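What you see is a predicted model; the values in this text were computed from it and never measured. Start at 1 with the first residue, then count along the sequence.
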Amino acid sequence: MLDIILHEMEGLSLGEKRDLICATKAAVARELGKQADGATPRSCPRCGSSSFIRKGHNADGSQRWLCKGCGRTFSSKSRGLLAASKLDATTWALFVEATLSGSSLRQCAKTCHVCLRTSWFMRMRLCEVMERSLLAFRTGPSVSWQVDGAYLDESLTGNRARSAAKMPRKPHKHGGAVHARGISNLKVCVICGANDAGDELCRVADRGRPKDEALRDAIKGLGPGTWVATDAHQGYKRVLPALGITEHAATDTRLQKDGELGMVNAMHQRLRIFLAPFHGVSTKWLDHYLSWFLWLEQARRSDADGLQTLSGQSACGFYEHTRRQMIDRPQPFWDYWQRQGAATSMLV
């Protein structure tokens, strides 16, 4: 069949061949959308419970389900990426392809014939699909982890000139970074981890040096018996035993000569390379971009085609936050600037 199609294409003009490619992509996108409509959901899209039963059908004939956890009914389309969008599957397929090719938001908007704001919202939804598609990392006595923090400049989202919350610091113009000795409170700590099985974790922890509670939340999931190597940060010595981890090797950064943290340091480098083209990711949405980075890391180690994988996940994927919830999302670690403002007003 493929040979016949290729033979027929030889008689087409360049424009007709391009139209055929676009039509083929649209057909694939529609087929993925049909597969999503008939797929059995893995869990309730509202409460996450995996216990549900069949309960009738929708007007279009699709199966409905009753969740035993929250008592609400849903279908395979409930909170689905394609079902909740006014854009068709073809447009989403074009957006996925443009995103994986490294296109900017404006380029994606031009490709998909949408506005810049819609292009940004599509990226956030796609990041949530990537987060839900991530494979769980492995822990236990047979796995060794390397954990360390990467410090990124804090980036404040929005137009602060028109916002009620004015700019609390001098802007980082022309890509200027924070120049401060030691670990500055103007930086955000991202805890990264890599194990010898190829699994990784990447989570926003805290402003500046992470406190014990933030550090515990960032590395939760590392099971008892896991061997963990870190730097000499004292917080690890207090947090890891509470998680049931007794095999802990701490090495001062200045004394690392044999690659004690080589895997996680290489991960730091790849993370910075990934974030560099965005010219400053807002701290408010940093967790979405970290999910994107982890998805790319897993796709890099997989034999499957990344575009086909993400296209299928988008067709069957679910989002977590509505548009209003994303707009109303508070700026992380804003209490620091509130305290700074209160202290400044007391001095004045």
Would you name the heavy atoms of L271 and V190 that are closest together and state the gap between them?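 Shortest heavy-atom separation between L271 and V190 comes out as CD2-CG1, 4.5 Å.
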
Scan the side chains in residues 111-124 for donor-acceptor partners under 3.5 Å anywhere in the protein, sequence neighbours excluded, and list what turns up.
| unit_1 | atom_1 | unit_2 | atom_2 | d |
| --- | --- | --- | --- | --- |
| T111 | OG1 | Q107 | O | 2.9 |
| S119 | OG | L105 | O | 3.0 |
| R123 | NH1 | Y289 | OH | 3.1 |

Should [X] and [Y] be counted in the same cluster of Ile, Leu, Val, Met, Phe, Trp and Tyr side chains packed under 4.5 Å apart?
X: F293; Y: L201; result: no
X: W295; Y: M267; result: yes
X: L275; Y: V204; result: yes

Flag, side chain of [X] to backbone of [Y], donor-acceptor distance under 3.5 Å:
X: S51; Y: K68; answer: no
X: T226; Y: G140; answer: yes
X: R138; Y: A197; answer: yes

Answer yes if the side chains of W145 and E247 hold a donor-acceptor pair under 3.5 Å, and no otherwise.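 Looking only at side-chain atoms, E247 and W145 do not form any donor-acceptor pair under 3.5 Å.
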
Donor-acceptor pairs under 3.5 angstrom involving side-chain atoms of residues 213-220: please list them, not counting sequence neighbours.
none

Run the numbers on E97 and W92 for side chain to side chain donor-acceptor pair (under 3.5 Å), then give the verdict. CA-CA 9 Å; E97 183 177 2; W92 275 102; over 6 Å; no

Side chain to side chain donor-acceptor pair (under 3.5 Å) assessment of S103 paired with S101: CA-CA 6 Å; S103 300; S101 65; 3.2 Å; yes

Taken to the nearest 0.5 Å, the spacing of R125 CZ from M130 CE works out to 14.5 Å

Trace of the ring-ring contact (aromatic ring centres under 6.0 Å, His included) decision for W285 with F278: CA-CA 12 Å; W285 309 112; F278 302 111; over 10 Å; no

